Peer 1: 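Quick one: structure below, then a few questions.
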Amino acid sequence: MPPATTIAAGVAAAAALGKVAPVSDAVRGAFGLSATWLGLVISTITFVAALFALPAGEWLRPRAVGGWVAAGLAVLAVAGGLMVAVAPANGVLVGLRVAEGAGYLLVMVGAPVVLASQVSPRRLAPALAVWGACVPAGLALSAVAGGVLGSAWGWRGWFLLLAVVCAVLAVVAGAAAGTSRTSPPSPPGLPGPGAADGAVSPDPPGRGVADGPPKAPGGRVAAAPSLSPLGRGVADGAPSAPGGRVAAAPSLSPPGRGVADGSLPPSSPGRRVTAGLLSAPGGRVAAEPPSPSAPGRRVTAGPLLLGAGFALTALISVAVLSLFPLYLSSRFSLPPGTAGALTSAVAVASVPGSLLAGALLRRGATPRAVGAAALSCPVFAGLVFGGALPPGGAVALAVLLLFAAGIGVGAAYGALPSVVVRADALPAANGVLVQLGSAGTLLAPPLFAAVTGLAQWERAAFLVLPAAVAGFALLARATARRPRGAGHPEHAEITEEKGNR
């Protein structure tokens with residue numbers, strides 16, 4: 001499956017997220033929904049993502065992700081089709097939206113992992129930055145297509161068309177999952193899955209340690225070649241332990257894993273040895289007692305910091321978009337339909353922002369440098385909501401504001417490979433981004449509405465300022481951290497046993 005199909009799956013899932021809003025009046029009438037029930041139907045998927053994205057990432061981690069992404073698309077197709085077929089009932093509609101939330105999570109958390117298997121490691125960060133455009137692109141597509149097709153075919157026709165699109169993508173993704181590998185390659189500087197388990201990669205055919213450690217002249221156990229990202233290995237002058245042996249590096253293997261009985265299990269390309277080798281009775285090479293905290297078995301500080309910064313960037317975008325129609329209507333007396341259409345046009349601006357972030361990362365820019373563009377958001381927010389500009393000027397600067405925020409979103413996704421310890425930690429790290437970003441999406445409208453009172457619009461800039469600064473600071477801090485277990489000498493070295501015991 002080409003990367004474009006994976007991106008299309010993300011856009012379709014995001015379109016399902018926003019499919020109710022453009023036909024909300026028709027859906028409300030068909031199901032007899034109160035305002036509270038309608039709001040619940042619209043936001044249910046976001047609630048599901050805000051609660052369960054990280055657990056979904058951890059759950060997907062050891063599994064064949066490609067197949068589960070196809071399953072997520074199938075769930076979106078089936079649930080969407082049932083909405084058209086079932087008798088109108090509030091509880092049934094909310095239940096089907098919860099099911100769509102589960103499908104949405106499988107796609108949005110798992111698809112970046114599939115994308116990582118479809119591109120070269122050096123193109124992973126730019127590809128993930130482009131992936132950051134999926135949600136705004138899907139929501140914009142849903143707003144336009146839902147409005148047009150909902151008027152022509154009714155809400156049932158719109159829902160059914162989207163269900164068919166998801167079904168077609170599910171078939172394509174399922175077929176591709178059966179013929180392609182499902183674990184992503186290790187980005188530059190990252191060990192592959194199982195790196196902390198004492199595994200050695202058989203990268204080129206015939207390499208690795210399968211039959212015990214190699215013997216040097218005189219029967220000594222020679223140092224195994226280092227496969228760490230930095231090319232580090234055993235130096236000739238490594239410090240010796242009592243008895244003339246070279247001291248073993250601390251093991252990071254979980255219990256029962258690692259080096260045992262003089263052999264090392266082969267692993268997927270890119271893995272390296274992190275467990276130290278000790279002399280066992282009978283001349284065998286045994287693993288040192290493992291550390292209780294192997295890297296990659298839990299979410300580390302890097303993804304949490306990055307996710308928190310991403311949440312603040314998402315908060316800015318959603319808050320501005322939720323307030324902008326009311327601002328245009330109250331300040332300039334524009335009709336609600338016109339204000340909504342202009343806001344939809346503004347929302348699309350974040351898509352080229354994320355695409356630009358991907359292009360800059362492809363050219364070698366760092367996520368921190370790219371993400372600095374989001375620091376311009378407070379300036380644009382002050383000008384947009386300051387009341388000194390005509391409607392055209394406010395819309396133009398709102399476009400620039402969402403464009404800058406889109407760059408920040410792309411930078412956050414592009415930074416994912418730099419904040420994970422191992423390649424197989426990517427689903428959980430992406431789950432952190434989705435979950436915290438969804439939380440920021442839910443928090444933004446009530447927070448900004450409470451502060452501005454929907455009248456003191458200039459106060460919006462005073463909320464955007466700390467959100468933008470803190471969001472960038474968290475991104476910078478996350479990408480400045482070196483994940484424990486990636487690139488440290490003590491994790492990359494293999495000890496040498498001197499003497500045949």
Side-chain angles (χ1 to χ4, degrees), residues 14-15 17-29 33 35 38-39 41-43 135-152 155 158 314-353 376-406 441-465 467-468:
L17 169 66
K19 72 179 185 180
V20 176
V23 291
S24 56
D25 288 341
V27 171
R28 183 178 183 181
L33 301 175
L38 179 62
V41 169
I42 291 174
S43 61
V135 171
L139 292 177
L141 177 64
S142 186
V144 174
V148 173
L149 298 178
S151 299
W155 68 271
W158 159 235
L315 182 146
I316 292 172
S317 300
V318 174
V320 170
L321 291 175
S322 63
L323 293 179
F324 199 54
L326 297 174
Y327 174 72
L328 291 176
S329 297
S330 63
R331 180 72 182 179
F332 303 109
S333 300
L334 294 181
T338 302
L342 290 173
T343 302
S344 298
V346 168
V348 177
S350 61
V351 175
S376 62
C377 289
V379 177
F380 293 135
L383 293 173
V384 168
F385 294 105
L389 297 175
V395 170
L397 286 174
V399 167
L400 293 178
L401 193 161
L402 267 294
F403 180 76
T441 298
L442 289 173
L443 178 64
L447 175 63
F448 275 63
V451 171
T452 62
L454 302 182
Q456 304 296 323
W457 299 106
E458 66 279 358
R459 295 180 182 176
F462 294 102
L463 286 175
V464 172
L465 176 61

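Being a predicted model, the structure only gives us computed values, none of them experimental.
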Peer 1: Could you tell me the separation between the CD1 atom of Ile316 and the CG atom of Leu321, rounded to the nearest 0.5 Å?
Peer 2: 11.5 Å
Peer 1: Please report the shortest heavy-atom distance between Arg28 and Leu38, naming the atom on each side.
Peer 2: CD-CD2, 4.1 Å
Peer 1: For the atom pair CG (Leu447) and OG1 (Thr452), what is the distance rounded to the nearest 0.5 Å?
Peer 2: 9.5 Å
Peer 1: Please report the shortest heavy-atom distance between Pro336 and Ser329, naming the atom on each side.
Peer 2: CA-OG, 4.2 Å
Peer 1: Do Ser317 and Leu402 have side chains that get closer than 4.5 Å, going by heavy atoms?
Peer 2: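 In short, these two side chains touch, coming nearer than 4.5 Å.
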Peer 1: Nearest 0.5 angstrom please: Cys377 SG to Leu465 CG, how far?
Peer 2: 11.0 Å
Peer 1: If you compare all heavy atoms of Ser376 against all heavy atoms of Ala404, which two are closest, and at what distance to 0.1 Å?
Peer 2: OG-CB, 3.5 Å
Peer 1: Could you list the residues that satisfy side chain to side chain contact (heavy atoms under 4.5 Å, CB included) with Ser43, not counting sequence neighbours?
Peer 2: Phe47
Peer 1: Throw together a table of side-chain donor-acceptor distances under 3.5 angstrom for residues 380-392, partners on residues two or more places apart or in other chains.
Peer 2:
none

Peer 1: Any sub-3.5 Å donor-acceptor pair from Ser350's side-chain atoms to Gly406's backbone N or O?
Peer 2: no
Peer 1: Measure the CZ-CG distance between Arg331 and Leu326 for me, rounded to the nearest 0.5 Å.
Peer 2: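 Here the rounded value is 14.5 Å.
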Peer 1: Any heavy-atom pair between the side chains of Leu334 and Leu342 that's under 4.5 Å?
Peer 2: yes
Peer 1: Taking all non-hydrogen atoms of both residues into account, name the closest pair between Trp158 and Ala145 and its distance.
Peer 2: CZ3-CB, 3.8 Å
Peer 1: Can you tell me how far CG of Leu323 sits from CG of Leu454, rounded to the nearest 0.5 angstrom?
Peer 2: 7.0 Å
Peer 1: Rounded to the nearest 0.5 Å, how far does CG of Leu315 lie from CG of Leu443?
Peer 2: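 Here the interatomic distance stands at 5.5 Å.
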Peer 1: Using every non-hydrogen atom in the two residues, find where Ala314 and Thr441 come nearest and quote the distance to one decimal.
Peer 2: CB-OG1, 4.3 Å
Peer 1: With a 3.5 Å distance limit and no angle check, can you tell me whether Ser151 reaches the backbone of Gly147 through a side-chain donor-acceptor pair?
Peer 2: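 A pair under 3.5 Å: yes.
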Peer 1: Verify side-chain contact (heavy atoms from CB on, under 4.5 Å) between Phe448 and Val320, making sure each step is shown before the conclusion.
Peer 2: CA-CA 9 Å; Phe448 275 63; Val320 170; 5.5 Å; no
Peer 1: Can you check whether Val20's main-chain N or O pairs, donor with acceptor, with Ser24's side chain at less than 3.5 Å?
Peer 2: no
Peer 1: Please find the pair of heavy atoms, one from Val346 and one from Ala398, that lie closest to each other, and give the distance.
Peer 2: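 Smallest heavy-atom distance, with atoms named: CG1-O, 3.6 Å.
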